[in-house]
Amino acid sequence: MNDKSTSPQTATQWSEPMPDNPAPKAPPARKRKFLVIADGSEESSKALRFASLRAAHTEGAVTLLAVIGPADFQHWLGVENLMREEAMDEAERVLHRLAAEAYDNFGVRPELVVKEGKLREKIASLIEKDPDIAVLVLAAATGKEGPGPLVSSIAGDAAGGFGIPVTIVPGDLTDEQISLLA
């Protein structure tokens, strides 16, 4: 007896929808986001270039995160507020400069986020709150001091433990090389 044979009476016709079992609907498509830390460094520009190109090629999006360190002048509230205000202004300048770079060069309009606190905690918090963030993109420094404090901090602790892939763009790549990789 041949197990693969079917008679016309028992063959299932999958081309016609079954009235009591409609075809499942696909969930709405979500854009995969590439998270870049905006600190104003040359490395953040390289990471942004890679993330913007990947987002453009995959119909994804870019999120730029600037984190302002916590002020520690609790006894001088006026000084603390002034420092916080200045840090916020600088973070917004950096975000807008990088956003303009992403749009002018790659047609990508990044989402801009500013948080206050410890960098690793704010990265983890944002990733946890936004399930569309799929990749953290960093770039390594090229100096003899090593890859830079951000990359060292995150890569040194099992890729940050953020639950998403971390892409580290080598800092010595040219813009053309980054474009070919992305």
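The shown structure was predicted, so the numbers you read here are calculated from the model rather than taken from an experiment. Quick note: residue numbers are just sequence positions, from 1.
Nearest heavy atoms, Ala66 versus Ala91: CB-CB, 3.9 Å. Taking every heavy atom of both residues into account, Ile68 and Ala87 meet most closely at CG2-CB, 3.4 Å. Minimum heavy-atom separation, Ala51 to Phe34: CB-CB, 3.8 Å. Nearest heavy atoms, Leu173 versus Gln177: CA-OE1, 3.3 Å.
The side-chain heavy atoms of Val135 and Leu35, taken from C-beta on, include no pair separated by under 4.5 Å.
Listed by first and then second residue, the salt bridge (charged side-chain N to carboxylate O under 4.0 Å, His left out) pairs that reach into residues 131-143 are Arg30-Asp132, sequence neighbours excluded. Legend: salt bridge (charged side-chain N to carboxylate O under 4.0 Å, His left out) pairs involving residues 102-113, not counting sequence neighbours, sorted by first then second residue: Lys33-Glu111.
Of the possible donor and acceptor atoms, none in the side chain of Ser52 sits under 3.5 Å from a partner among the backbone N and O of Arg49. Glu86 places no side-chain N or O within 3.5 Å of a backbone atom of Met83 that could act as its donor or acceptor partner.
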Evaluation steps, side chain to side chain contact (heavy atoms under 4.5 Å, CB included), between Leu136 and Phe162: CA-CA 9 Å; Leu136 172 59; Phe162 298 124; 3.9 Å; yes

Side chain to side chain contact (heavy atoms under 4.5 Å, CB included) assessment of His96 paired with Leu112: CA-CA 8 Å; His96 289 286; Leu112 308 179; 3.8 Å; yes

CA sep, side-chain torsions, deciding dist, call: Val166, Leu138, side chain to side chain contact (heavy atoms under 4.5 Å, CB included): CA-CA 7 Å; Val166 177; Leu138 306 172; 4.0 Å; yes

Derivation of the side chain to side chain contact (heavy atoms under 4.5 Å, CB included) call for Thr63 and Leu126: CA-CA 10 Å; Thr63 298; Leu126 183 61; 4.2 Å; yes

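In this structure, the separation between OG1 on Thr167 and CG on Leu181 is 11.0 Å, given to the nearest 0.5 Å. In this structure, CD on Glu59 lies 11.5 Å from CZ on Arg32, to the nearest 0.5 angstrom. To the nearest 0.5 Å, atom OG of residue Ser125 and atom NZ of residue Lys118 are 14.0 Å apart.
Listed by chain and number, the hydrophobic cluster partners of Leu180 come to none, as no ILVMFWY side chain reaches under 4.5 Å of it.
Within 6.0 Å of atom CD in Glu42, 12 or fewer heavy atoms from other residues, nucleotides or ligands are found, so the atom counts as exposed in its surroundings. Taking a 6.0 Å sphere around CD of Glu90, one finds it holds more than 12 heavy atoms contributed by other residues, nucleotides or ligands.
Partners of Glu101 by side chain to side chain contact (heavy atoms under 4.5 Å, CB included), not counting sequence neighbours, listed by chain and number: Ser45, Leu48, Arg97, Leu98, Asn105. Taking Ala182 as the reference, Phe50, Leu53, Arg54 meet the side chain to side chain contact (heavy atoms under 4.5 Å, CB included) condition, with sequence neighbours excluded. Taking Ala139 as the reference, Glu43, Lys46, Ala47, Val169 meet the side chain to side chain contact (heavy atoms under 4.5 Å, CB included) condition, with sequence neighbours excluded.
Under the 4.5 Å side-chain heavy-atom criterion for Ile, Leu, Val, Met, Phe, Trp and Tyr, Ile127 and Leu65 are members of the same hydrophobic cluster. Residue Leu95 is grouped with residue Val36 when hydrophobic side chains (ILVMFWY) are merged at heavy-atom distances under 4.5 angstrom, including chains of intermediate members. Linking Ile, Leu, Val, Met, Phe, Trp and Tyr whenever their side-chain heavy atoms come within less than 4.5 Å puts Ile168 and Leu119 in one cluster. No path of Ile, Leu, Val, Met, Phe, Trp and Tyr side chains, each step under 4.5 Å between heavy atoms, connects Ile123 with Val114, placing them in separate hydrophobic clusters. Residues Ile37 and Leu64 are members of separate hydrophobic clusters, defined by side-chain heavy-atom contacts under 4.5 angstrom among Ile, Leu, Val, Met, Phe, Trp and Tyr.
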